[in-house]
There are 2 protein chains.
Amino acid sequence: MVGFEKAANAITKASLASPNNAKTRLSPDSVLNLAQGDPTAFEPYWRNLGDKCTMVISGSDLMSYLSDMGNICWFLEPELAEAIRHLHIEVGNAISKDRHIVIGTGSTQLYQAALYALSSPDSSEPISVVSAAPYYSQYPPQTDYLRSGLYKWAGDAFTFDNDGPFIEIVNSPNNPDGTIREAVVVNKGKGWLIHDLAYYWPQYTPITHVADHDIMLFTLSKCTGHAGSRIGWALVKDAEVARKITNFIEFNSIGVSKESQLRAAKIIGVICDGCQDFESSKSDTNFFEYAQRLMAERWKKLREAVRSSEVFSLAEYPLDFCNFIGEFTKSNPAFAWLQCKEDVDCEKLLRELKVMVRGGKQFEADEMYARVSMLSRDESFNLLLEKLSGIKGGGTINGKRM
Amino acid sequence: MVGFEKAANAITKASLASPNNAKTRLSPDSVLNLAQGDPTAFEPYWRNLGDKCTMVISGSDLMSYLSDMGNICWFLEPELAEAIRHLHIEVGNAISKDRHIVIGTGSTQLYQAALYALSSPDSSEPISVVSAAPYYSQYPPQTDYLRSGLYKWAGDAFTFDNDGPFIEIVNSPNNPDGTIREAVVVNKGKGWLIHDLAYYWPQYTPITHVADHDIMLFTLSKCTGHAGSRIGWALVKDAEVARKITNFIEFNSIGVSKESQLRAAKIIGVICDGCQDFESSKSDTNFFEYAQRLMAERWKKLREAVRSSEVFSLAEYPLDFCNFIGEFTKSNPAFAWLQCKEDVDCEKLLRELKVMVRGGKQFEADEMYARVSMLSRDESFNLLLEKLSGIKGGGTINGKRM
């Protein structure tokens, strides 16, 4: 069963708050779906902007398949390409100058496109795809659902000992555990790297360096919170790789929604304007500063709730200087990687609290871990804190023995 | 090389008109790209609507991945589902009541999702995928680019003689040749059918019956001309098949652009309103009537140009009663399937005229055929007529011997 479908089945309709409705009216008995990283936490920021970020599309706009036939990625709207380059320059998280930009329907589609681009149709064996455990639970099914003859999932990069060629996915900060990652097997040679930098933004982690890798994947979902737009982008050094990634998107969906592209350009433009005002002290806040404060506040509250529960624990993240914020900050990941006492199934324990999460085994980790979204709306997050605080030492929920 | 990429490489930048610019300023020497079916012919209709079809999206709209967790297709916006059902009822081209609707990033993504849904992960061999030649040139690469172990392209349905299970794609009206199709091998048993009905709309062919098949694929691109939105939909009888199609889209791209979904709902709503006014004689035109007249007019002009060329010929389509228009009409396909005299390579001949098309071989047909888009903007279409009329008998272009 697939992630979102599983969530849909488990949530009874009676307790399901409408996802498009910001006022969710939860009761203490409501089922909390924190299994996906639905980034609705940032909605208030965008609501407060009023019509600064409003987009108008007329009936005859954007009708063609084609956007920019002079570009390798011929379906990329030039104003989105420009906005993306500008954003990376403002944030300082990745080199975008002289890089090819290829757009995808979320970075999910680009992950698959990158596997396609790095594998060879002439190879007798599918190339092995690895990532260091615990790794994003969707990498294995997204790699294997079509039983491709080009590439196949080969599990934990730490234990990979095949002599053949391989692709390593480096997800940094890492989903689920928020750690900063580097490639672990590439030195064995014959390896290609894909850097999934979905969470390398100031709200989640200090921006310590300008990333400069062969293929870097980003997504609007985690950057600005606009998951519904399904916009991802790849920054690619090599023209031939960019061309193959583009080919995949052409085979897979003949391009990417132009409405979403233009909206992404608008949203990113507003963020960049805010960054410039922030630098010049014309404004004391911008999107990333707002989001960083929000995440830091949530993590503080979560750590308090976890401490009072006596059942869970959380790793500490190191303090580091964030070049963007201009201060020492700690990581405040988009997911909490919650750890239970030994021999406790963390997902199961949370299910009894009616909190839906993904259990450790889905990430090739122990079941004492579970991944909990930190990006829900305020009301859901506050209910999570309440539920977690209710668990006392020895595994009782609200005084009742587990 | 991929279709669009090939076109991009062949068109010199100097002669390339901006696709977003309705005023293309072509010269007789311009390269005409009629290799894809970019449906820009319908732009004037939408431009004339003024702001009737204008959509406004604010910065905090559509942020969630989720749309309708009570529906199998959890990422489908309810108002788009309703608009699609309504559209099919108005046009009378397919049964939408009691059918599951699954949305995709164009029908291209849904074609692949349907293959996934109909194949079995437990099978030792990939299932054969066939279609009657001449068939859509992109079916083979879209089936085989990932070398899936679930399904593989097996060519012309007419010559398929494998005893194993198979999937037959029935494309009706057929791309490239505009013919009305029925399944050809399904009676041999063990066969699944996918009906690709992208062109079963009044502007292209008489609507003679309400289609009622297990899986029917449609796309906004060919229906309304909004190719840039990348919105396709499947009408599916069986819940389990709809669920597997949905699973594919979740693995592939975690849903479909919500901006495009809402815009599609708006556009379809405007069309449906126009249909109701048309029926009640409150209006003497609606989108489909406009588009049907446009296509009929273009086909009349094309046939005149072809007759005067003495080099090309075109098949005739039968007259049939269109339940929607309420008159006997002929098919006016989205592509002309141009036939040259024997031993003439039609694509090559057109390339010398600087008209880019797809040659017959790409459709498993003879090279004496080529597929030419009938959906370009007026200026391009008129230049095509000029170029075709310039070819005289014996293969001369403007008096020059070929």
Side-chain angles (χ1 to χ4, degrees), chain A residues 2 4-5 8 11 13 16 19-20 36 38-40 43 46-47 49 51-60 62-67 69-70 74 105-106 108-109 116 121 141-142 145-150 225-230 247 250-260 263 267, chain B residues 2 4-5 8 11 13 16 19-20 36 38-40 43 46-47 49 51-60 62-67 69-70 74 105-106 108-109 116 121 141-142 145-150 225-230 247 250-260 263 267:
Chain A
V2 186
F4 283 88
E5 190 200 347
I11 300 173
K13 282 192 191 182
L16 182 70
N20 290 325
Q36 294 93 38
D38 203 22
T40 46
E43 270 176 0
W46 298 106
R47 208 174 304 119
L49 278 188
D51 57 8
K52 243 195 203 171
C53 216
T54 297
M55 188 180 62
V56 177
I57 309 177
S58 89
S60 62
L62 309 173
M63 292 188 70
S64 173
Y65 287 103
L66 318 176
S67 293
M69 291 303 265
W74 53 266
T105 307
T108 295
Q109 193 186 30
Y116 172 81
Q142 284 170 7
Y145 70 119
L146 292 177
R147 317 226 154 178
S148 174
L150 299 178
H226 293 82
S229 305
R230 312 306 311 117
N247 289 350
E250 179 174 338
F251 285 136
N252 199 224
S253 59
I254 319 188
V256 174
S257 159
K258 304 234 184 294
E259 289 87 352
S260 290
R263 184 152 183 249
I267 290 164
Chain B
V2 188
F4 283 88
E5 190 201 346
I11 299 173
K13 284 193 191 181
L16 182 71
N20 290 325
Q36 293 94 36
D38 203 22
T40 45
E43 269 177 2
W46 299 106
R47 208 173 304 121
L49 277 187
D51 56 9
K52 245 194 199 169
C53 216
T54 297
M55 187 179 64
V56 177
I57 309 176
S58 90
S60 63
L62 309 174
M63 292 188 70
S64 173
Y65 287 105
L66 318 175
S67 293
M69 291 303 264
W74 54 265
T105 308
T108 295
Q109 193 186 29
Y116 172 80
Q142 284 171 7
Y145 70 120
L146 292 177
R147 317 229 155 175
S148 174
L150 300 178
H226 292 84
S229 305
R230 311 309 310 120
N247 290 351
E250 180 173 339
F251 286 136
N252 199 222
S253 58
I254 319 186
V256 174
S257 158
K258 303 234 186 293
E259 290 87 352
S260 289
R263 183 150 184 252
I267 289 164

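To find a chain, count down the sequence lines: A is the first, B the second, and so on, and within it residues start at 1. Computed from a prediction, not measured in an experiment: that's the story for all the values here.
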request  = Can you label the angle between the Phe251(A) ring and the Tyr145(B) ring as parallel, tilted or perpendicular, going by 30° and 60°?
outcome  = tilted
Tyr65(A) side, atom OH; Gln36(B) side, atom CD - distance, nearest 0.5 Å = 8.5 Å
ask   = Given a strict heavy-atom distance threshold of 4.5 Å, which part of Asp51(B) is in contact with chain A: side chain, backbone, both, or neither?
value = neither
ask   = Would you say the side-chain atoms of Arg263(B) pair up with the backbone N or O of Glu259(A), donor to acceptor, closer than 3.5 Å?
value = no
key: Among the listed options Val256(A), Thr105(A), Leu49(A), the residue most often paired with chain B at heavy-atom distances under 4.5 Å   = Thr105(A)
ask   = Checking Ser148(A) side chain against Leu146(B) main chain: does a donor-acceptor pair fall under 3.5 Å?
value = yes
key: Leading residue by heavy atom contact count with chain B [cutoff under 4.5 Å; candidates Ser253(A), Gly149(A), Pro39(A)]   = Ser253(A)
message = For the interface with chain A, which of Ile267(B), Thr54(B), Val56(B), Asn252(B) has the highest count of heavy-atom pairs at distances below 4.5 Å?
response = Asn252(B)
remark   = Checked Gly106(B), Ser229(B), Cys53(B) vs chain A; the most non-hydrogen pairs under 4.5 Å come from Ser229(B)
ask   = Can you tell me how far the NE2 atom of His226(A) sits from the OG atom of Ser64(B), to the nearest 0.5 Å?
value = 12.0 Å
query = In terms of heavy-atom pairs under 4.5 Å, which option from Gln142(B), Lys52(B), Gln109(B), Met55(B) contacts chain A the most?
reply = Met55(B)
